[in-house]
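See structure below.
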Amino acid sequence: MKTLLDDAGLPVRLGSTLGSGGEGRVYTVASVGGDSNTADLAAKIYHSPVSPDRRKKLQCMVSGQSDPLQKLTAWPISTLSDQNGSVCGFLMHKAAEAFPVHHIYSPAQRKREHPEVNWDFLVNTARNTAAAFHAIHAHGHVIGDVNPNLVFVSRDSRVRLIDCDSFQIFGKGKYFLCEVGVPHFTPPELQEKSSFSNIIRQANHDNFGLAVLIFHLLLMGRHPFAGVYTGSGDLVLEKAILDFRYAYGRNARQKQTKPPPNSVEPSILSQTIRLYFEQAFSAAGAEPDGRPTAQDWVSELDAFRTQLRACDDNPNHHFFASLPHCPWCFQEQHLDISYFIPLISDHNGGSFNLIRVWARIEAVPPPKSVNEFTYPPFSITPAALPPEAQFQKIMGVLTKVMAAFLAFGSLITLNPMFILTAIAASAGLLAHRTDTNKERRKREHRLNAARKAFSTLHAQWKREVGDGRFEEKLRELERIKADLEALSRQYAREKDLLQSHSNHMDPRDLDRLKQNFAQKQQQLQNDLLAGPDQLKNIIQASQAQRRSLSTSLEKAALNVAQAEADMTVL
Amino acid sequence: MEKSEEEVDIEQISFGAESFAENPEPRCPCLLLLDTSASMSGDPINELNSGLTAFKEELATDSLAMKRVEVAIITFGPVEVKKTFHAASEFTPPHLSTTGNTPMGQAILEGIDLVGERKGEYRSNGIAFYRPWIFMITDGSPTDAWQSAAAAIKEGEKSKAFAFFAVGVKGADMETLGKISVREPLKLQGLKFRELFLWLSNSMKSVSRSVPGEVLALPPPSGWAEL
Ligand SMILES: Nc1ncnc2c1ncn2[C@@H]1O[C@H](COP(=O)(O)OP(=O)(O)OP(=O)(O)O)[C@@H](O)[C@H]1O
Ligand SMILES: [Mg+2]
């Protein structure tokens with residue numbers, strides 16, 4: 001790696017790549033001026049030479065840095081220059097142990113990768129995001145390009161905004177513009193602009209994107225304008241934003257839109273938050289300073305945070321305490337969607353994560369489906385008849401001729417000699433018959449036996465070598481999973497029952513019930529945990545079986561072919 | 001309590017609806033129409049298969065694209081829907097083998113239907129979507145009537161219902177492809193399926209987070225197409 005120098009002239013050594021984007025690549029920093037205590041730093045190096053305007057923008061950002069900006073964003077700390085003295089990037093704080101906010105507002109990914117994140121965490125994240133926006137606005141800057149990769153969240157729900165070099169910066173009496181934007185987060189008043197290259201962005205524009213981000217965080221990753229359009233034709237999201245068709249809004253019906261089926265609606269939020277959304281997504285919001293500001297959001301979300309409570313039945317369900325029921329239990333019971341999964345301790349003291357365990361089961365590749373059993377063409381010579389049968393065959397022909405002749409003779413002559421000879425000849429004919437019949441029966445018997453042996457083996461092949469056993473096991477695991485998912489609901493029901501039946505419930509009954517369910521749960525979890533290995537064993541067994549069975553099957557097929565050929569000579 | 005039990009029975013939740021609730025990100029559908037006719041046997045089909053694996057691996061490096069891009073696969077011939085639309089995170093590349101002839105026309109028409117159906121599901125579930133891509137790869141010429149397919153493509157491109165791309169592998173009838181596709185068909189350099197799919201994956205990533213303005217800056221296909 002070539003040497004880079006920071007603003008103080010200290011050499012900066014880069015480490016590994018953290019990420020890469022359209023404009024640059026971001027690295028860890030191995031050392032600055034020989035000091036390797038730089039774990040909290042990152043450096044962005046641009047793909048192409050830095051223009052004078054961008055250089056001035058970076059320098060302006062460095063000189064305008066402040067404590068809040070350094071804490072809440074990845075603000076440039078120092079520019080970085082190459083050996084020619086040209087600016088090629090900048091130093092910033094690293095978003096350490098953090099992930100883009102869409103990893104947790106998207107329910108499926110959150111449950112898979114951050115199952116410990118509950119709704120209270122999401123509310124906190126929304127609040128912290130608003131606080132970071134506020135810091136930017138308070139300095140006279142605008143983010144401009146609000147998007148799902150802007151906000152990085154750490155495990156304690158603190159956020160850091162990245163990609164700051166694309167922000168609109170106000171400094172030295174001028175604006176350094178933000179020339180990009182993602183349509184789904186762009187306010188209606190900018191939707192029809194063909195480019196951002198000469199537009200001065202306002203904090204009120206950011207406040208649209210902020211409201212959209214907060215909506216995603218609080219309401220399970222839904223976009224406020226992604227509703228079901230009841231008008232004709234397609235309605236793209238950009239157009240829905242432009243037309244103020246907020247799918248959950250007061251005027252949604254008039255706007256020919258409604259919330260998607262099974263979505264979680266803003267009714268689970270406080271009155272003020274609902275009003276803020278209405279305001280941010282309405283025509284009034286598009287007026288100058290029309291939307292709730294970042295600071296408004298911070299104060300309201302701060303108030304809201306203290307009004308959450310945990311559900312009695314599922315302690316990992318957090319919700320607005322003024323609601324009559326837990327909205328997450330409702331989703332589970334009525335729509336069969338579990339947004340927040342319980343982390344139950346298992347016998348290992350660790351925690352059982354159904355989504356992860358199930359992902360491991362699904363990751364076992366099913367065995368290649370086995371085609372029909374095929375075997376090479378056999379070249380077969382029918383077995384010769386035994387000598388007696390062969391002799392009898394020739395004799396048989398002769399006797400037949402003789403007998404016919406004698407019978408004819410005896411008919412016309414009625415000579416007793418002829419008659420006697422004819423009887424003797426017929427007996428010879430019969431004798432021959434019995435001999436070949438014996439051989440035929442023998443061969444038929446052999447053919448039947450060979451066919452039976454083959455079909456038995458073939459059935460076994462189909463059963464054991466194909467994906468039959470694997471599929472069977474998978475179905476069984478699916479049933480176990482369903483049982484496990486139903487268990488907490490079943491428990492809640494039985495608990496209700498217990499409580500409603502006795503005015504003075506014996507706490508020991510409840511304990512027994514709990515214990516009973518815990519045992520069931522343990523059993524089901526263990527069964528699932530064993531799933532991946534069981535599936536792998538089935539595949540291995542089927543491969544071994546395949547090798548041994550295919551040899552036997554080939555032999556059996558050869559036997560059938562031989563026995564069939566043997567029949568042809570009779 | 002009993003009343004709600006009843007509601008549960010009546011309210012049928014389709015698998016699609018459930019997974020949309022768990023991943024409501026806007027979708028970016030990508031349908032692959034893949035020629036698996038006998039002439040593709042040997043190296044071409046092997047390279048195509050490894051290209052598909054590279055496609056998935058490349059998409060997997062982008063967690064937003066993983067939630068947004070949906071992949072479906074139709075092979076021909078005979079025309080067979082190998083994979084219906086699923087989020088890239090659930091997409092496992094199939095192992096394709098060669099068969100039969102090249103009923104390209106029928107494959108295209110079925111593909112357009114599949115895309116249309118999926119869009120219907122997005123609409124009724126309140127899922128935003130980007131313009132679908134239909135990406136066809138062939139090394140031959142259609143063995144069936146392709147004129148109505150060409151007309152359907154023209155119509156779909158005009159109404160922006162989808163974007164149709166055709167890529168010809170060595171031996172492809174580029175002239176007919178040019179009549180079928182509104183966009184200029186591209187010719188694959190040798191067997192650079194891997195490069196082609198890396199490009200496709202990167203294009204899908206940019207589509208799934210486009211910036212305003214009609215023209216989308218796609219990476220140049222110079223790494224795999226004869227230009
Ligand atoms: N301060 C940081 N700490 C940790 N990772 C970072 C930081 N800044 C950037 N990254 C990582 O690097 C990636 C690219 O960064 P960034 O978005 O700033 O680049 P870009 O080239 O401007 O991209 P775009 O074209 O999307 O604006 C980010 O998505 C992120 O994964
Ligand atoms: Mg940038």
Side-chain angles (χ1 to χ4, degrees), chain A residues 22 99-100 102-103 106-113 145 147-149 179-184 186 190-196 216 220-223 225-229 234-238 240 247 257-264 330-331 333-339 362 365 368 493 496, chain B residues 1 3-27 61-68 87 89-90 92 95 97 116 119-131 159-161 202 205-206 208-215 217 219:
Chain A
F99 38 83
H102 61 87
H103 287 201
S106 197
Q109 190 174 12
R110 168 172 52 75
K111 287 195 283 178
R112 204 168 48 238
E113 295 174 13
D145 181 16
N147 71 77
N149 278 313
E179 303 195 345
V180 283
V182 170
H184 292 179
T186 298
L190 297 182
Q191 277 292 342
E192 286 189 303
K193 304 285 184 221
S194 58
S195 124
F196 291 130
H216 277 80
M220 304 299 102
R222 296 278 181 178
H223 193 289
F225 290 84
V228 177
Y229 180 51
D234 270 339
L235 181 75
V236 296
L237 203 52
E238 288 86 334
T257 179
K258 57 182 187 188
N262 308 337
S263 52
V264 181
F330 178 88
Q331 288 281 333
Q333 285 161 15
H334 295 255
L335 303 173
D336 213 11
I337 304 171
S338 298
Y339 283 111
E362 284 193 321
K368 286 217 180 75
R493 250 202 311 275
D496 277 352
Chain B
M1 191 65 202
K3 191 160 177 284
S4 57
E5 292 271 346
E6 255 173 47
E7 274 166 29
V8 178
D9 285 341
I10 298 161
E11 185 102 351
Q12 296 269 313
I13 308 296
S14 76
F15 176 72
E18 186 179 327
S19 69
F20 286 137
E22 299 201 298
N23 174 16
E25 283 293 304
R27 296 303 207 274
T61 63
D62 183 332
S63 58
L64 201 56
M66 279 296 263
K67 287 182 286 200
R68 296 183 168 188
S89 51
E90 291 163 39
T92 44
H95 186 84
S97 46
K119 288 210 288 190
E121 286 166 7
Y122 295 152
R123 270 185 221 111
S124 57
N125 285 288
I127 296 295
F129 57 92
Y130 298 89
R131 190 190 311 182
S159 61
K160 300 195 172 153
N202 284 315
K205 287 184 200 167
S206 4
S208 70
R209 59 178 63 157
S210 60
V211 284
E214 267 300 290
V215 245

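All heavy atoms count here, side chains included; hydrogens, waters and symmetry mates do not. Since this is a predicted model, take the numbers as computed values, not measurements. Chain letters run A, B, ... following the sequence lines, proteins first and then strands; every chain starts at 1.
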Let me see the working for A:His103 and B:Leu64 under side-chain contact (heavy atoms from CB on, under 4.5 Å), right down to the final yes or no. CA-CA 8 Å; A:His103 287 201; B:Leu64 201 56; over 6 Å; no
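Each of B:Lys119, B:Glu25, B:Arg123 has some count of heavy-atom pairs under 4.5 Å with chain A, and the biggest count is that of B:Arg123.
Scanning for ring pair (Phe, Tyr, Trp, His ring centres under 6.0 Å) contacts around A:His184 gives B:Tyr130, with sequence neighbours left out. Not counting sequence neighbours, the partners of A:Tyr339 by the side chain to side chain contact (heavy atoms under 4.5 Å, CB included) test are A:Pro107, A:Arg110, A:Met220, A:Val264, A:Trp328, A:Gln331, A:Ile337, B:Ala21.
With a 4.5 Å cut-off on non-hydrogen atoms, A:Ser263 does not touch chain B at all. Within the 4.5 angstrom heavy-atom criterion, no atom of A:Thr257 approaches chain B. With a threshold of 4.5 angstrom between heavy atoms, A:Lys111 approaches chain B through side-chain atoms but not through N, CA, C or O.
The minimum heavy-atom distance between A:Val228 and B:Gly126, with the atom names listed, is CG2-N, 3.7 Å.
Rounding to the nearest 0.5 angstrom, the gap separating the CD atom in A:Gln109 from the OG atom in B:Ser63 is 5.5 Å. Considering CG of A:Asp234 and NZ of B:Lys160, their distance stands at 12.5 Å, rounded to 0.5 Å.
Of the residues B:Glu22, B:Lys67, B:Met66, the one that meets the side-chain contact (heavy atoms from CB on, under 4.5 Å) test with A:Ser106 is B:Lys67.
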